[in-house]
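Keep in mind that this is a model prediction, so the values were computed, not measured.
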Amino acid sequence: MTETTTAATPPPAAGRPDGDDRLIRRSLPRRLLGRPELGAVIGAAALFIFFAIVADSFLKLGSLSTIVYASSTIGIMAVPVALLMIGGEFDLSTGVLVTSSALVSSMVSYQLTANVWVGVGVSLLVTLAVGLFNGFMLVRTKLPSFIITLGTFLMLTGINLGLTKVISGTVTTRSIGDMDGFDSARSVFAARYEVGGASINVTVLWWLGLIALATWILLRTRAGNWIFAVGGAPEAARAVGVPVTRTKIGLYLGVAFAAWISGQHLLFSYDVIQSSEGIGNELIYIAAAVIGGCLLTGGYGSAIGAAVGAFIFGMTNKGIVFAQWDPNWFKFFLGAMLLLATLLNAWIRKRAEATP
């Protein structure tokens, strides 16, 4: 964004033939160091080499497809969460919102004995309504997003458990696998395709589509400029006409839409849903975005970085299994990677600022 002024235009600075900062020709090293996802890419490459050495089965085609699938289930949520963090906000309700989406779809379909697509549609409306609630409460109350979404997290956790037990009598939903529309819905949200001997889940396609869409929004649209602006300096952005309220609500709606996709995948993969699932996953989505280069202060990051962060999680999760280590060490490795990635990203940013 640039501000217009009636003052005389100063002569162009050295290296700026027309005085426009955007036309400064930066060196290739500076451009590379300026990419938010560079630290995550370096970490992913190092981790890939490490597990390729210590785990004999890591490089097998079946193992790699398992890793990509695990990464996609995290990445579908990590990408919109990254956009939200670039916009300067958090959402602690994402993990349980995924479960809520699946529960609504399952219980509406079962109780109405309707085609499962009816439940899928109702679930989309309910999930988007939760995202709208988060965004509306944020901009209306001016409370920190941490408090708003923590409240939503607690409410959804109680609703998921309480309502499921009231309707189903247990904490698990009824099976809808024999209902009309189940097979077609599964083909959209949980299908698997055999490609060259590898099994590719449709979640990988959803993930890649969200990465492409989010990257296009951030780098090629006015909305992308708004997201960076409201995350970096919301009051200054509002002063120059950026629709801060609309942008923040839109980001929460984007997170809710991704939660709906993830919830439907969860339902149509396993047919039944445990109402207590999803608790704690919100921290994984945030950590993937941070590992990918997003700043906790907002205004900086990329969708590609969040995708690489999700891939790091997938590699670690499955790599520990392939290496035949105790899986209880998984959380330790995630915490260590989060700290190391944050330090590496900070070092790279300093180097970028110092490189001509």
| query | At their closest point, which heavy atom of Ala306 faces which heavy atom of Ala82, and how far apart are they? | reply | CB-CB, 3.5 Å
| message | Any side-chain to backbone donor/acceptor pair from Trp260 onto Val120? Under 3.5 Å, distance only. | response | yes
| Ignoring hydrogens and geometry, is there a side-chain-to-backbone donor-acceptor pair from Arg174 to Met107 under 3.5 Å? | no
| message | Please verify the inter-ring angle class for Phe58 with Phe322; under 30° counts as parallel, over 60° as perpendicular, anything in between as tilted. | response | perpendicular
| field | Parallel, tilted or perpendicular, as decided by the 30° and 60° cut-offs, for the rings of Phe189 and Trp117 | value | tilted
Side chains of residues 279-293: which donor-acceptor partners sit under 3.5 Å, not counting sequence neighbours?
unit_1	atom_1	unit_2	atom_2	d
Glu282	OE1	Gly280	N	3.3
Glu282	OE2	Gly280	N	3.2

| Do Ser199 and Arg192 have a side chain donor and acceptor closer than 3.5 Å? | yes
| said: I'd like to know if the side chain of Thr99 pairs up with that of Glu277 as donor and acceptor (distance under 3.5 Å, no hydrogens or angles considered). | reply: no
| field | Contact list for residues 241-268, test salt bridge (Lys or Arg N to Asp or Glu O under 4.0 Å), sequence neighbours left out | value | Glu89-Lys248
| said: With a 4.5 Å cut-off on side-chain heavy-atom distances among I, L, V, M, F, W and Y, is there a chain of contacts connecting Leu161 to Val98? | reply: no
| task | Could you check if a side-chain atom of Asn317 sits within less than 4.5 angstrom of a side-chain atom of Phe333, using non-hydrogen atoms only? | result | no
| What pairs meet the ring-ring contact (aromatic ring centres under 6.0 Å, His included) rule with one or both residues in residues 59-115, with sequence neighbours excluded? | Tyr69-His265
| field | Pairs meeting criterion ring-ring contact (aromatic ring centres under 6.0 Å, His included) with involvement of residues 156-184, two or more places apart | value | Phe182-Phe268
Can you give the donor-acceptor pairs under 3.5 Å from side chains of residues 133-141 to other protein atoms, not counting sequence neighbours?
unit_1	atom_1	unit_2	atom_2	d
Asn134	OD1	Thr152	OG1	2.6
Asn134	ND2	Ser93	OG	3.4
Thr141	OG1	Met137	O	2.5
Thr141	OG1	Leu143	N	3.2

| note | Applying side chain to side chain donor-acceptor pair (under 3.5 Å) to Ser275 and not counting sequence neighbours gives none
